[in-house]
2 protein chains.
Amino acid sequence: MGVNLKELAAELKLSPSTVSRALNDSFEISEATKQKVISLAKKLDYQPNPFARSLRENKSKTIAVIIPERINSYFANVVDGIEEITQAHGYHLLVYCTQEDVEREKKIVNLLMNGRADAIVISVSSQLTDNFHLNLLHERGFPLVFFDRICSEIPTTKYITNNYESSFEGTNHLIQQGCKKIAFFMLSKELSITKERYSGYKDALDQAGINLDSKLNLTFSQNEEQNIESIKELLISDNRPDGILSSIGKLALATYQAVKRTNLSIPRDLKIISFFADSTVASLLNPSLTTITTPTFKIGEECGKLLIQKLTKPKQPDLPNQTFVIPSKITIRSSTIEI
Amino acid sequence: MGVNLKELAAELKLSPSTVSRALNDSFEISEATKQKVISLAKKLDYQPNPFARSLRENKSKTIAVIIPERINSYFANVVDGIEEITQAHGYHLLVYCTQEDVEREKKIVNLLMNGRADAIVISVSSQLTDNFHLNLLHERGFPLVFFDRICSEIPTTKYITNNYESSFEGTNHLIQQGCKKIAFFMLSKELSITKERYSGYKDALDQAGINLDSKLNLTFSQNEEQNIESIKELLISDNRPDGILSSIGKLALATYQAVKRTNLSIPRDLKIISFFADSTVASLLNPSLTTITTPTFKIGEECGKLLIQKLTKPKQPDLPNQTFVIPSKITIRSSTIEI
DNA sequence: ATACAAAATGAAATCGTTTCCGTATTTATT
DNA sequence: AATAAATACGGAAACGATTTCATTTTGTAT
């Protein structure tokens with residue numbers, strides 16, 4: 001397409017090596033020729049071929065981001081944060097969405113084994129005991145960063161929120177509002193966030209002397225309509241909860257839909273608090289939704305900063321086996337406050 | 001990292017060329033050696049270096065997608081659609097978000113001039129008369145596909161929805177519901193979608209014999225809070241509209257927020273219809289929002305199919321200068337229906 | 001003027017593929 | 001049986017950059 005180094009060199013009656021060095025501002029080249037080279041390069045709009053460079057340097061200036069869902073403010077925001085930092089350093093983002101499908105995730109990870117990206121930032125779609133693909137990658141020394149849904153067994157850097165505490169506080173809030181039968185809504189039980197959030201929920205119940213009713217702990221699927229119906233069934237059953245802690249935002253929306261199919265009312269008959277990313281939507285729901293909100297953009301930025309550090313400085317050590325906790329904030333709205 | 005062709009060849013006592021051909025299933029290689037090569041390649045987990053390949057073949061198996069916003073169901077859904085098709089053909093997606101910033105868009109487009117991607121799919125952030133960067137790219141023969149927010153002057157393939165008709169119908173719906181003073185909310189006037197949607201709005205008013213009041217045509221910024229205040233000002237002014245057609249989803253949300261700051265009520269005092277992607281949210285708003293919904297995933301799929309066709313078949317002609325229209329659907333909900 | 005160090009540039013290898021071209025062996029044709 | 005054609009493979013160039021090593025040019029000290 002454009003002009004290449006050799007052509008530039010020919011035009012300038014210089015060797016390609018000199019031109020390369022001039023453009024990379026090497027000390028070996030005189031100021032005079034540097035200027036000549038740079039000005040012609042600009043004039044001819046010379047763009048170095050990224051693949052030639054990647055091949056030679058064995059780095060791609062590309063970071064892969066793997067998320068479970070794209071239509072999800074939480075993940076979208078994290079990616080925005082990553083892009084904000086990495087783009088400024090000339091990095092490109094390959095963004096893959098697994099649609100919560102583990103097989104798809106494995107395929108994607110396998111595709112990335114060949115060095116197409118210099119690092120991976122991932123929030124796993126569902127943590128099976130089988131995270132062989134990620135393990136292998138990490139063992140080969142490939143920079144790997146987790147956020148939100150992590151694999152704790154893989155010793156690398158992770159960014160999460162204070163899931164346990166947030167969940168504990170959220171549950172406590174429901175208890176303080178008079179809830180006696182508090183349900184816990186989740187996706188896969190294998191997810192790190194599920195475990196931690198469940199743990200906070202459980203401990204809050206314990207502390208309040210409330211018995212945990214396992215029938216109130218519901219695991220949901222990827223099928224929206226099915227989820228709504230399950231919730232509705234629960235709500236019209238004898239064992240109806242009077243409070244819900246939803247560990248996933250979209251399950252709160254499903255609950256609102258389910259409630260519309262009953263003659264119950266939030267917060268009168270049912271109070272609900274949820275981990276939820278989009279505060280605009282939370283505030284516009286009827287009633288407005290009490291949320292636990294994670295600073296997702298910040299998480300993305302932190303991931304980005306860490307990777308830039310690792311990838312752009314020479315002789316960096318492996319990413320430390322460390323988990324950074326960025327606290328969430330509870331915003332109390334009408335869905336948990338008695339009128 | 002992994003093993004390369006030369007090493008594979010040495011292990012097999014074959015030449016690299018033979019191994020390469022065997023792996024690419026060339027007719028020149030006997031079945032026997034093909035099997036030997038393939039099995040060792042599998043055993044040693046051989047992964048071809050993508051950059052060597054890209055350099056040699058002059059294609060990257062990568063498609064760049066440029067969107068104005070990532071936290072937006074509309075665009076997220078289109079990207080999902082693109083990924084659905086292209087991933088199955090071994091393509092990777094570089095996703096860039098401009099945050100509605102034209103300068104940022106230009107920078108990104110310039111970065112893509114060097115062949116890092118084989119094609120670009122873009123919804124422009126704001127169409128200035130100055131779309132030099134995209135024009136240049138297209139003139140160089142670079143495959144470029146537009147969706148939603150297009151540059152009509154650039155002769156390539158575009159995917160849009162029936163903006164004019166949807167807007168016309170939407171406005172008519174408001175008129176039928178008794179609205180006399182109908183406002184039109186938009187982002188930049190330069191956007192193709194704004195022009196078309198405005199045109200449909202205008203013609204519907206004309207047809208109904210309603211005079212267009214330019215004070216009811218509001219252009220908004222990227223500042224959420226400021227937008228909400230502007231809307232509130234409008235709503236408490238003498239010139240208060242009784243209907244709103246919002247050409248952008250988030251302006252409908254801003255309107256709901258603004259209404260909460262007044263003592264007005266939807267749909268009693270104000271009816272609103274909006275182009276809006278997330279029907280779950282639309283149905284949960286209070287009152288539920290009448291929407292014009294575009295089949296965004298389908299648009300993404302169509303973009304993907306077109307590009308796969310263009311990029312994987314040999315000797316393909318340039319992308320045709322053609323605009324495909326994928327119709328939207330109006331869903332009437334409570335925000336436009338008198339109680 | 002000579003010697004030697006420093007500065008500036010060039011030649012060629014390299015990264016890992018693919019592919020053009022050449023060659024040896026086997027198979028088919030008359 | 002001699003020749004043509006098909007089959008199977010190897011050697012080396014090519015893609016476009018960077019970098020090691022070698023070489024030329026310039027500057028400085030004696």
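Per chain, numbering begins at 1; letters A, B, ... match sequence-line order.
Dashed line: the shortest gap from a side-chain N or O of Asn4(A) to OP1 or OP2 of dG16(D) is under 4.0 Å. Phosphate contact (OP1/OP2 of dA8(D), side-chain N/O of Thr33(B), threshold under 4.0 Å): absent.
Annotation: side chain of Lys61(A) is not in contact with side chain of Pro50(A) (no heavy-atom distance under 4.5 Å).
Under the salt bridge (charged side-chain N to carboxylate O under 4.0 Å, His left out) criterion, Glu28(B) pairs with Arg21(B), not counting sequence neighbours. By the ring-ring contact (aromatic ring centres under 6.0 Å, His included) test, Tyr159(B) pairs with Phe324(B), sequence neighbours left out. Evaluation of the side-chain hydrogen bond (donor to acceptor under 3.5 Å, both in side chains) rule for Ser54(B) yields no partner, not counting sequence neighbours. Evaluation of the salt bridge (charged side-chain N to carboxylate O under 4.0 Å, His left out) rule for Glu301(B) yields no partner, not counting sequence neighbours. Taking Glu31(B) as the reference, Lys34(B) meet the salt bridge (charged side-chain N to carboxylate O under 4.0 Å, His left out) condition, with sequence neighbours excluded. Residues forming a salt bridge (charged side-chain N to carboxylate O under 4.0 Å, His left out) with Glu105(B) (at least two apart in sequence, or on another chain): none.
Computed from coordinates, the Leu23(A) CG to dG16(D) P distance equals 16 Å when rounded to whole Å. Between Phe51(B) atom CZ and dT18(D) atom P there is a gap of 15 Å when expressed in whole angstrom units. Atom-to-atom, NZ of Lys59(B) to C1' of dA14(D) comes out at 17 Å; the value is rounded to the nearest Å. Between the P atom of dT19(C) and the CZ atom of Phe27(B) lies a distance of 12 Å, rounded to the nearest Å. The CG-P distance, from Asp25(B) to dC9(D), rounds to 13 Å in whole Å. For the pair Asn58(A) CG and dT17(C) C1', the computed distance is 14 Å after rounding to whole Å. Separating the CD atom of Glu31(A) from the C1' atom of dA7(C) is a distance of 13 Å, rounded to the nearest angstrom. Atom CG of Asn49(B) is separated from atom P of dC15(D) by 18 Å (rounded to the nearest Å).
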Do any side-chain atoms of residues 2-12 of chain A form donor-acceptor pairs under 3.5 angstrom with protein atoms, and if so which ones, sequence neighbours left out?
from	atom 1	to	atom 2	distance (Å)
Asn4(A)	OD1	Lys6(A)	N	3.3
Asn4(A)	OD1	Glu7(A)	N	3.0
Glu7(A)	OE1	Asn4(A)	N	3.1

Review item, side-chain donor-acceptor pairs of residues 312-322 of chain B, under 3.5 Å, at least two apart:
from	atom 1	to	atom 2	distance (Å)
Thr312(B)	OG1	Ile308(B)	O	2.6
Asn321(B)	OD1	Lys158(B)	NZ	3.3

Anything under 3.5 Å between a donor and an acceptor, one on a side chain of residues 89-99 of chain B, the other on a protein residue two or more places apart or in another chain? List them.
from	atom 1	to	atom 2	distance (Å)
His92(B)	ND1	Tyr96(A)	OH	2.5
His92(B)	NE2	Arg116(A)	NE	3.2
Tyr96(B)	OH	His92(A)	ND1	2.4
Thr98(B)	OG1	Glu100(B)	N	3.2
Gln99(B)	NE2	Asp80(A)	OD1	3.4

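Non-hydrogen atoms lying under 4.0 Å from DNA chain C are contributed by nothing in residues 308-316 of chain A. Of the residues in residues 5-14 of chain B, those placing a heavy atom less than 4.0 Å from an atom of DNA chain D are Lys13(B), Leu14(B), in numerical order.
Between Thr18(A) and Ser20(B), the one whose closest nucleotide on DNA chain C sits nearer the 5' end is Thr18(A). Two residues, Leu55(B) and Ile29(B), neighbour DNA chain D, and the one matched to the more 5' nucleotide by heavy-atom proximity is Ile29(B).
Here dT17(C) is the nucleotide among dG16(D), dG10(D), dT17(C) with the atom lying nearest to any side-chain atom of Ala52(B).
Closest heavy-atom contact between Val124(A) and Pro68(A): O-CG, 3.9 Å. Here the closest heavy-atom approach between residue Gly304(A) and residue Ile85(A) is recorded as C-CG2, 3.7 Å.
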Is there any protein nitrogen or oxygen under 3.5 Å from a nitrogen or oxygen in nucleotides 20-26 of chain C, and what are the pairs?
from	atom 1	to	atom 2	distance (Å)
dC20(C)	N4	Arg21(B)	NH1	2.9

